[in-house]
Amino acid sequence: MASRGSYQDRNETLAEPNSSLAPGDICLAIGFSTVFVVGVTGNVVLLLASALSRKLQTKTSCLIVNLCVSDLLVSAAQPFQIVPILDRPLPEVLCQLIAALDILSVGSSVITMMLIAINRCVLIIKPKHTYNRIFSSRNLVVMVTMSWLYPIIVLVVPYLTGHGRLGYNALTRVCICDFTHKNGNTFVYLVVGSSSIPFGVTFFSYWLIYRHVKRSALKSRSCSMPTEKSCRRHTELVITKNLLCVICCFVLCVTPFIGVFLAIPFLKGPALRRVLSVMPYVGLPLVLDSCLNPFIYGWKHPHLRVTIACVLQQRWRDIPEPSRLLARILAYNTGGRETPQGISVEKDCESQNKDLTIDTDM
C-alpha cells in the first residue's frame, strides 16, 4: 500500500536523472506535449472567435465556451504530467493540484456536454418560448456554475472523508489518485456513478432529437415548408449534428479510460499492478479530446468556420457581425472613425436568413 510519503521517497531516488527512457515513455511525452500545444492554441482561437463575433454570442455558445475553458485547462495541465512519466521529481502539492485540475475539468466537460444535448433537444422539439424560458440568462449562469460545482463536490467529499487521495501514484506514474488507498474503491464507484447519469441524459436527449427529426422528415414530404423556415431548420440541424460529433468523439476518447477505471475495484496484486501500468496510455486519449474539439467545431459549423478563418488570417474587418469589443478595437486603430461592419461570407440558407439568425446558432 502506497503511503502519503511515497512520492517524497520516490523524489529522493530520482535525484539523478534516468539516462535511459523506455520508447513508450518517450511516445507518451510526445503525445502529452502535442495535446498541450494543439489544445491550448485551438481553444484560445475558439475563445477569441467567440469574443469577436456577435453572431457567436448566443445561448448555446455560453455552454460551448464553458466546454472550451475546461478543454483549455486540461490541455494546459499536460506538461506537468510529462514530468513524472520521464522519471523527474514533481512537488507533491503541485502534483495534487494537477490531479484535481484534470479531474475537475474532465468532470465539467461531461456535465457541459449533457447541458448542450438538453439545449439542442429543447430547441428542436419544444416551442421557442419554452426554450427561452428554460435557457434564460439566469438559468444559464446556474447551469454553468453547477457544471463546475458538481465535480468539485464529487472530488472533495471523498477526499475529506478519507475515501481517496490525490497526487502521484507510483504504479500509474502520473498525477491522478492513489488507487491503492484502503478506501480507493469508494472513490471509483462514486466517479463512475456520478458520470453515468450525465451520459445517460445525453444519449436520451439525442435519441429524442433523432425521433423528432425522423417524424418531421416524413411530414415534410407531404407539405413544403417556407424557404426561410426551411433554411432556419437546416441550420439548427447542422449545428446539432456538429455538436453530436463532439460528444461522440468524447465518448470514443474516454471509453478506454473508463474500461480500466471500472476494472480496478475487481483486481488485486499483480493483475492490479498490470492494469494500473497502462493508465498513462489510456489517459492520453482522454486528454486528447481537449485538442480535437476546436477542429470539430471549425470543421462544419456554419458560422464558427468563417470567424476562425478570419481570426487565423487576421482579417478582423471581415469577421461577421463584429462584437462591441472588436468594434472598439477597430475604431481605436482608425482613430475613432466609424468602421464598416464585418461582411459575412456565408451563402445559401445563411445569407437568406441574415436577419433571422436564431439565438442558438453556436
Side-chain angles (χ1 to χ4, degrees), residues 50 53-70 108-150 194 196-248 250-251 297 300-304 321 323 346 349-350 352-362:
S50 301
S53 177
R54 193 171 65 253
K55 203 178 189 70
L56 301 177
Q57 296 175 357
T58 61
K59 292 182 177 180
T60 308
S61 70
C62 178
L63 301 175
I64 297 296
V65 168
N66 188 55
L67 182 62
C68 184
V69 170
S70 63
S108 178
S109 297
V110 173
I111 303 300
T112 304
M113 288 184 180
M114 178 193 69
L115 296 175
I116 291 174
I118 296 175
N119 177 280
R120 307 313 299 180
C121 182
V122 175
L123 170 67
I124 294 176
I125 295 179
K126 299 297 181 180
K128 187 63 176 293
H129 63 85
T130 302
Y131 173 85
N132 290 332
R133 184 179 71 252
I134 295 176
F135 289 93
S136 62
S137 299
R138 182 183 62 182
N139 290 344
L140 280 172
V141 172
V142 174
M143 292 176 186
V144 171
T145 302
M146 288 302 302
S147 70
W148 290 96
L149 186 59
Y150 184 76
S194 60
S196 60
I197 297 176
F199 276 120
V201 173
T202 299
F203 290 128
F204 181 70
S205 298
Y206 273 100
W207 178 78
L208 291 178
I209 293 175
Y210 171 77
R211 187 182 66 173
H212 178 80
V213 171
K214 187 176 181 180
R215 291 178 178 177
S216 299
L218 294 175
K219 293 180 180 180
S220 63
R221 294 177 182 177
S222 58
C223 59
S224 58
M225 299 174 61
T227 303
E228 293 180 351
K229 187 175 181 180
S230 176
C231 290
R232 180 183 180 124
R233 180 186 171 199
H234 173 74
T235 303
E236 294 173 355
L237 292 179
V238 168
I239 296 171
T240 302
K241 291 178 182 179
N242 196 36
L243 294 174
L244 177 60
C245 290
V246 172
I247 294 175
C248 291
F250 178 80
V251 172
Y297 296 145
K300 293 184 64 177
H301 194 288
H303 306 312
L304 186 58
E321 299 186 19
S323 64
E346 292 102 331
C349 290
E350 297 159 61
Q352 296 177 22
N353 288 326
K354 184 177 181 181
D355 297 326
L356 295 172
T357 304
I358 58 176
D359 61 352
T360 52
D361 277 355
M362 181 64 178

Listed by chain and number, what are the side-chain contact (heavy atoms from CB on, under 4.5 Å) partners of T130, not counting sequence neighbours?
K126, P127, R133, I134
Give a yes or no answer on whether the side chain of S61 reaches the backbone of L56 with a donor-acceptor pair at less than 3.5 Å.
yes
What pairs with Y150 under side-chain contact (heavy atoms from CB on, under 4.5 Å), at least two apart in sequence or on another chain?
I111, V154, S194
Nearest 0.5 Å, what's the CG-OG distance between N66 and S109?
8.0 Å
Identify the two heavy atoms, one from I124 and one from H212, that lie closest to each other, and give their separation to 0.1 Å.
O-NE2, 3.2 Å
Listed by chain and number, what are the ring-ring contact (aromatic ring centres under 6.0 Å, His included) partners of F135, not counting sequence neighbours?
Y131
Do the non-hydrogen side-chain atoms of Y206 and R120 ever get within less than 4.5 Å of each other?
yes
S136 meets the side-chain hydrogen bond (donor to acceptor under 3.5 Å, both in side chains) criterion, sequence neighbours left out, with N139
All side-chain contact (heavy atoms from CB on, under 4.5 Å) counterparts of F204, not counting sequence neighbours:
W207, L208
Can you sort out the partners of S53 under side-chain hydrogen bond (donor to acceptor under 3.5 Å, both in side chains), two or more places apart, ordered by chain and number?
none
Please round to the nearest 0.5 Å and tell me the distance separating atom CE of M113 and atom CD1 of I64.
9.0 Å
List for me each residue that meets side-chain hydrogen bond (donor to acceptor under 3.5 Å, both in side chains) alongside T202, sequence neighbours excluded, and say none if there are none.
none
With sequence neighbours excluded, what pairs up with S323 under the side-chain contact (heavy atoms from CB on, under 4.5 Å) test?
Q57, L325, L326
Output, in order, the C-alpha distance, side-chain angles, deciding distance and verdict of side-chain contact (heavy atoms from CB on, under 4.5 Å) for S70 and L67.
CA-CA 5 Å; S70 63; L67 182 62; 3.9 Å; yes
Non-hydrogen side-chain atoms of M114 and I118 separated by less than 4.5 Å
yes
